[in-house]
There are 2 protein chains.
Amino acid sequence: MESKDLRRAGLKVTLPRLKILEILERGAHRHMSAEDVYRELMEVGEEKIGLATVYRVLTQFEAAGLVSRHNFDGGQAVFELDDGKHHDHIVCTECGDVVEFVDATIEKRQKSISEELGFDLQDHSLVLYGRCNKPGCSGRSE
Amino acid sequence: MESKDLRRAGLKVTLPRLKILEILERGAHRHMSAEDVYRELMEVGEEKIGLATVYRVLTQFEAAGLVSRHNFDGGQAVFELDDGKHHDHIVCTECGDVVEFVDATIEKRQKSISEELGFDLQDHSLVLYGRCNKPGCSGRSE
DNA sequence: TTTGCTGCAAATGCTTTGCATGTAG
DNA sequence: CTACATGCAAAGCATTTGCAGCAAA
């Protein structure tokens with residue numbers, strides 16, 4: 001029951017929030033833009049919910065640590081449920097598919113490099129772009 | 001003489017283009033947003049040049065490979081002269097200072113990871129965020 | 001002259017906000 | 001009942017575009 005998550009985050013349990021959480025959990029893709037979420041809401045018959053609410057809710061979820069936001073190439077930010085485990089992304093430039101990965105070597109080097117350059121590392125963003133070799137790959141959306 | 005660069009890129013040699021190139025070469029910072037460039041143009045007395053032209057010119061320079069564009073956190077894209085040598089960035093979250101670096105280990109791992117995941121790597125974006133330890137650091141712009 | 005460039009203002013696309021109404025707690 | 005949420009429309013940014021006038025080549 002995801003109402004727990006909402007209450008724990010200090011957010012009132014409302015229909016828009018529940019529905020959006022649900023879509024992020026069982027939606028078509030793990031990485032979705034606000035528009036993607038909004039579109040699915042419409043498809044599911046939740047036509048009273050406005051796009052502004054989707055943005056507001058996603059932003060609140062981000063602040064609450066329920067969701068994380070990524071700025072891949074192409075203007076639109078994408079959101080994904082945050083399971084607490086850090087990871088980076090590789091995005092297919094053709095079909096938009098996103099695959100997550102973690103690499104201890106890279107993580108370690110980043111830390112060292114920051115120290116060498118006199119920085120106290122707080123965060124980082126690593127996105128690889130390439131063409132995936134999936135069967136039906138050649139331009140959808142994700 | 002930078003007119004060469006322009007001609008080689010198939011661009012007419014015009015005052016806006018020369019001035020913008022000049023600012024990128026001798027400007028206050030190596031990484032500048034379009035607004036930054038525009039602001040310096042105004043300061044230098046080049047007040048006839050419009051912001052739209054700055055954007056257009058920077059985009060053309062990017063297409064010509066003279067300049068590269070980066071999307072760091074904070075909405076505004078930043079541009080830097082492209083010397084052909086690839087590098088990544090570490091950005092100070094306090095003063096906005098940017099330091100460039102290259103790390104062979106990271107580059108190699110990225111390649112391997114892409115292959116392992118069945119991607120043909122085309123490009124990547126790595127940005128580290130942290131606090132730098134420079135003397136006067138605590139919130140400017142760069 | 002011809003093709004490409006520029007300034008300006010208007011248009012975009014994504015995201016955020018103001019405000020009056022609604023509703024969870 | 002009160003504080004917080006929502007929908008809608010309008011506002012905000014960064015960036016792009018249409019167009020008429022200008023200027024390199």
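Chain letters run A, B, ... following the sequence lines, proteins first and then strands; every chain starts at 1.
- Phosphate proximity of D:dT6 to A:Thr14: present, with a side-chain N or O under 4.0 Å from OP1 or OP2.
- Looking at the side chain of A:Lys12, the nearest of the listed nucleotides C:dT15, C:dG7, C:dA24 is C:dA24.
- For D:dT15, the OP1/OP2 oxygens have a side-chain nitrogen or oxygen of B:Tyr55 closer than 4.0 Å.
- One can place CD of A:Gln60 at 10 Å from C1' of D:dT6, the figure rounded to the nearest angstrom.
- For the pair B:Leu18 CG and C:dC5 C1', the computed distance is 13 Å after rounding to whole Å.
- Residue B:Leu15 contributes atom CG, which lies 21 Å from atom P of C:dG4 at whole-angstrom precision.
- B:Asn71 has its CG atom 11 Å from the C1' atom of D:dT15, to the nearest Å.
- Listed candidates were C:dT15, C:dG7, D:dC8. Nearest to the side chain of B:Pro16 is C:dG7.
- Not a single donor-acceptor pair under 3.5 Å links the side chain of A:Arg17 to the backbone N or O of A:Phe61.
- Remark on DNA chain C: of its neighbouring residues B:Leu11 and B:Glu47, the 5'-side contact belongs to B:Leu11, judged by nearest-heavy-atom nucleotide.
- Mapping B:Ile49 and A:Ala77 onto DNA chain C via the closest heavy atom, the residue that lands nearer the 5' end is B:Ile49.
- Within the 4.5 Å cutoff, the side chain of A:Leu128 has no heavy atoms near those of the B:Phe119 side chain.
- The shortest distance between the side-chain N/O atoms of B:Arg56 and the OP1/OP2 oxygens of D:dT15 is not below 4.0 Å.
- Following rounding to the nearest Å, B:Lys48 (NZ) and C:dC5 (C1') show an atom-to-atom distance of 16 Å.
- When the C1' atom of C:dT12 is taken as reference, atom CD of A:Gln76 falls 13 Å away, rounded to whole Å.
- Ring-plane geometry between A:Phe72 and A:His70 is classed as parallel, the angle between the planes falling under 30 degrees on a 0 to 90 degree scale with a further cut at 60.
- The side chain of A:Ser33 contributes no N or O atom lying less than 4.0 Å from OP1 or OP2 of C:dC14.
- Place B:Val13 and B:Ala34 on DNA chain D by their nearest nucleotides, and B:Ala34 ends up nearer the 5' end.
- Just one residue in the list A:Lys85, A:His86, A:Arg30 forms a side chain to side chain donor-acceptor pair (under 3.5 Å) with A:Glu100, and that residue is A:Arg30.
- Atom-to-atom, CG of A:Leu51 to P of D:dA10 comes out at 16 Å; the value is rounded to the nearest Å.
- For A:Thr53, counting side-chain heavy atoms from C-beta on, the closest listed nucleotide (C:dG7, D:dT6, C:dT15) is D:dT6.
- One atom, OH of A:Tyr38, and another, P of D:dT6, lie 15 Å apart when rounded to the nearest Å.
- Within the structure, every side-chain polar atom (N or O) of B:Arg7 is placed at least 4.0 Å from both OP1 and OP2 of D:dA24.
- Under the 4.5 Å side-chain criterion, counting only non-hydrogen atoms from C-beta, A:His89 is in contact with A:Glu80.
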